[in-house]
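For reference, the structure discussed in these notes is given below.
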Amino acid sequence: MDIIDLLAFDNYIIVNKDLMVAVGITEAMLLGELASEFRYWRKAGKLDNGWFYSTCENLEDKLPFSRPTIKKATDHLEE
């Protein structure tokens, strides 16, 4: 990875502070990534009745979390 890749806009994670306080930093980062994916699929016109599909593998590639951490955060959000 070179310096341009390191500094590129798409390598940043934006976290809503209010959401972070309400549900936790991991959960807020996960929701932010899912919102970004939703926007991508909506812009591409490929939502399925308003829904899209994302895998743990995909989220592991995009976020600094392991599968167990992602599972724990999604379980917390479902509660």
Open item on the list: By the definition side-chain hydrogen bond (donor to acceptor under 3.5 Å, both in side chains), identify the one residue from Thr74, Thr69, Asp75 that meets it with Lys71.
Closed with: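 It is Asp75, the one option of Thr74, Thr69, Asp75 that forms the side-chain hydrogen bond (donor to acceptor under 3.5 Å, both in side chains) with Lys71.
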
Task: Lys/Arg-Asp/Glu bridge criterion (N-O < 4.0 Å) met for Glu37, Lys62 - done: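 The answer is no: the pair does not qualify as a salt bridge.
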
- [ ] Considering non-hydrogen atoms only, spot the tightest contact between Phe65 and Glu60 and give its length.
- [x]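 Looking at all heavy atoms of both residues, the shortest contact is O-CG, 3.7 Å.
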
TODO: Output every pair passing side chain to side chain donor-acceptor pair (under 3.5 Å) with a member in residues 21-33, not counting sequence neighbours, ordered by first then second residue.
DONE: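 Only Glu27-His76 qualify under side chain to side chain donor-acceptor pair (under 3.5 Å).
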
Considering only distance and modelled atom types, tabulate donor-acceptor pairs under 3.5 Å from the side chains of residues 13-25, sequence neighbours left out.
from	atom 1	to	atom 2	distance (Å)
Asn16	OD1	Asp18	N	2.9
Asn16	OD1	Leu19	N	2.8

Open item on the list: Could you measure the distance from the CD1 atom of Ile70 to the OG atom of Ser54? Nearest 0.5 Å is fine.
Closed with: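 The distance works out to 8.5 Å.
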
- [ ] Any chance you could measure Leu30, atom CG, to Leu63, atom CG, to the nearest 0.5 Å?
- [x]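 Between Leu30 CG and Leu63 CG, I get 6.5 Å after rounding to 0.5 Å.
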
If you look only at distance, which donor and acceptor atoms sit under 3.5 Å apart when one is on a side chain in residues 39-50 and the other is two or more places apart or in another chain?
none

